[in-house]
Number of protein chains: 2
Amino acid sequence: MTSKQFTSVWVREPRQSKAQGHGLTRDQIVRAALELLDAEGLEALSMRKLGARLGAGATSLYWHVANKDELLELAYDEIWGEMPVPDPDAVGWKDTASAYAHGMRRTILSHPWAAGLIGRMPAIGPNSLRAGDLLRRALILAGFRGMEQDYAGSAITAFVIGTTIPEVAWRSLSQEGAYDAASMREVVRKAASDYPDFVARTDDYEGRDERVVREMNFDFGLLCVLDGLEKRLGS
Amino acid sequence: MTSKQFTSVWVREPRQSKAQGHGLTRDQIVRAALELLDAEGLEALSMRKLGARLGAGATSLYWHVANKDELLELAYDEIWGEMPVPDPDAVGWKDTASAYAHGMRRTILSHPWAAGLIGRMPAIGPNSLRAGDLLRRALILAGFRGMEQDYAGSAITAFVIGTTIPEVAWRSLSQEGAYDAASMREVVRKAASDYPDFVARTDDYEGRDERVVREMNFDFGLLCVLDGLEKRLGS
DNA sequence: ACCTGAACACCGTTCAAGT
DNA sequence: ACCTGAACACCGTTCAAGT
């Protein structure tokens, strides 16, 4: 049991910044990292590349952030600043939860690299906490208390990330010219030739607008989760 | 649009094996990879380490598998052979879906490295397809048709992976001595000091058996999803 | 206070060469 | 048919040294 001390950027004091005009800033580094992540994805982010982008050596970054993971923690929290902020008391718990779910999906789709970070690091940055607090208030308004409050929030969040992670993965493969969509379908068809029902279901997507289908898929599932939650309130 | 041809192990003929006593086999490589993955996790698997484990050079593996991703595809499909196989006609659609969900969670918890692969590669190996077919049959039995059949399956699967991915992540951090559980709680408490409700909820976990809580969390959410699906059948 | 370059211990993959 | 070693183009991180 040689358990290491757990740590996070959010509990360490950042290095004193003298805010001089020249030189690097932690903010600057995080912004550049976000640009690189949005443009090229999670795997493309390396300390060397990031340093080069900032006109500095890779190792210069280590004075401002402890390591790559902490840098990712900072970048990861940043995107949750884009979440919507409805007023639960005004729109009700269901619409608030729905706005939360849709906002979460939209945020991940806008920053696909974030999908690879979910769960890998605790979401305890200021923006993540604010978003989580909104959901919590909605569920309290609904009437959930104690453990059930957590379970309800977990169900909603789980549905969103469980839907969105594969969605992002599929997009990154099939879209943006990485792979030919037709050849992907062909591969699936060939591999699943023993399951004609599955292939038939796959063929049914041909010609449909994928974005619309994904949207309907999301709405359908979210409705199920929220209806199921509502039913539990009654009992 | 320089779209590459998409491919997968499951549509390539494996190399001829003469089944001589000596030398490497693809099966052997996959088995050794599974051992390494189960023992040390996804990040610990390198072609060099795997080669060494088999008493061969890292580059010898490349005659049997095209690359590391294809090797992971093979290993990933292997674990879905552990899924339960209830008879939908005997136990009904809801129990089948429930067994599917619990089996999926159990499989991922048994092979935590699999969590990092979900969505990263299409699940079109024989075991994955068989498992998917079971869920499909259950949903047809329930009465779902066409697109709704896909949406329903997606909702269930999304809930499972969305619940289990963070669960695995938390385990890998807090368990097995990697990090001290108390210090993790302390970090969360400190980072979230602006949200007393959140901290209070966290404190509520102290002293409880984590496995039991996780189980209840899962059952609660699954019930919601299934109830929500049932409701949609009525309309 | 901040940045640098060299160095360490790794990666996946290609490929000509061996048996 | 199968395996090898050298080589290429990368990684994250440490650390003594500079200014």
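All values below come from the heavy atoms of this structure, side chains included, with hydrogens, waters and symmetry mates left out. Residue numbering restarts at 1 for every chain, and letters A, B, ... go by the order of the sequence lines.
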Taking the six-membered ring where the residue is Trp, are the ring centres of B:Tyr151 and A:Phe218 under 6.0 Å apart?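 Centroid distance B:Tyr151-A:Phe218: not below 6.0 Å, so no.
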Short side-chain donor-acceptor distance under 3.5 Å, A:Glu82 and A:Ser110: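 Distance-only check fails for A:Ser110 and A:Glu82.
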Is a side-chain donor-acceptor pair under 3.5 Å present for A:His111 with A:Glu78?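 Per modelled atom types, A:Glu78 and A:His111 side chains form no pair under 3.5 Å.
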Give the table of side-chain donor-acceptor pairs shorter than 3.5 Å for residues 191-198 of chain A, with sequence neighbours excluded, one pair per line with atom names and distance.
residue	atom	partner	partner atom	Å
A:Ser193	OG	A:Lys190	O	3.3

Rounded to whole Å, please give me the gap between [atom1] in [X] and [atom2] in [N].
X	N	atom1	atom2	value
B:Leu24	D:dC2	CG	P	10 Å
A:Leu61	C:dT4	CG	P	9 Å
B:Trp63	C:dC15	CH2	P	18 Å
A:Leu36	D:dC11	CG	P	11 Å
B:Glu43	D:dG12	CD	P	12 Å
A:Tyr62	C:dA6	OH	C1'	15 Å
B:Asp69	C:dG12	CG	P	11 Å
B:Met47	D:dC10	CE	C1'	17 Å

Once side chain to side chain contact (heavy atoms under 4.5 Å, CB included) is applied, do any residues pair with B:Thr157, and if so which ones, sequence neighbours excluded?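 With neighbours one apart ignored, the set is B:Tyr100, B:Met104, B:Leu135, B:Ile161.
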With respect to the side chain of A:Arg48, which nucleotide from D:dC11, D:dC3, D:dT14 is positioned closest?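 Of the candidates, D:dC11 comes closest.
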Using a cut-off of 4.0 Å on non-hydrogen atoms, how would the nucleic acid contact of B:Leu45 be classed: base, sugar-phosphate, or nothing?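 The residue B:Leu45 makes sugar-phosphate contact but no base contact.
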Do other residues, nucleotides or ligands put more than 12 heavy atoms under 6.0 Å from B:Met147 CE?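 Enclosed.
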Among residues at least two apart in sequence or on other chains, which ones pass salt bridge (Lys or Arg N to Asp or Glu O under 4.0 Å) with B:Glu35?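 Partners of B:Glu35 under the salt bridge (Lys or Arg N to Asp or Glu O under 4.0 Å) test: B:Arg53.
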Does any pair with a residue in residues 112-124 of chain B pass side chain to side chain donor-acceptor pair (under 3.5 Å), and if so which ones, sequence neighbours excluded?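 Passing the test, one end in residues 112-124 of chain B: B:Asp38-B:Trp113.
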Please give the distance between the P atoms of D:dA9 and C:dC10 as a whole number of Å.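 Going atom to atom, P in each nucleotide, I get 22 Å.
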Using a cut-off of strictly less than 4.0 Å, decide whether B:His64 has a side-chain nitrogen or oxygen near OP1 or OP2 of D:dC3.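 Yes, such a contact exists.
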Dot-bracket for DNA chain D, please. Rules: Watson-Crick or G-U, both distances under 3.5 Å, ( ) within the strand, [ ] when a pair crosses earlier ones, | for another strand, . otherwise. ||.|||||...|||||.||
Mind running a 4.0 Å heavy-atom check of residues 49-60 of chain B against DNA chain D and sending the residues that fall below it, in number order?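 The stretch gives B:Ala56, B:Gly57, B:Thr59, B:Ser60 as the residues lying under 4.0 Å from the strand, ordered by number.
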Any ion pair linking B:Glu40 and B:Lys49 (charged N to carboxylate O, less than 4.0 Å)?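 So B:Lys49 pairs with B:Glu40 through a salt bridge.
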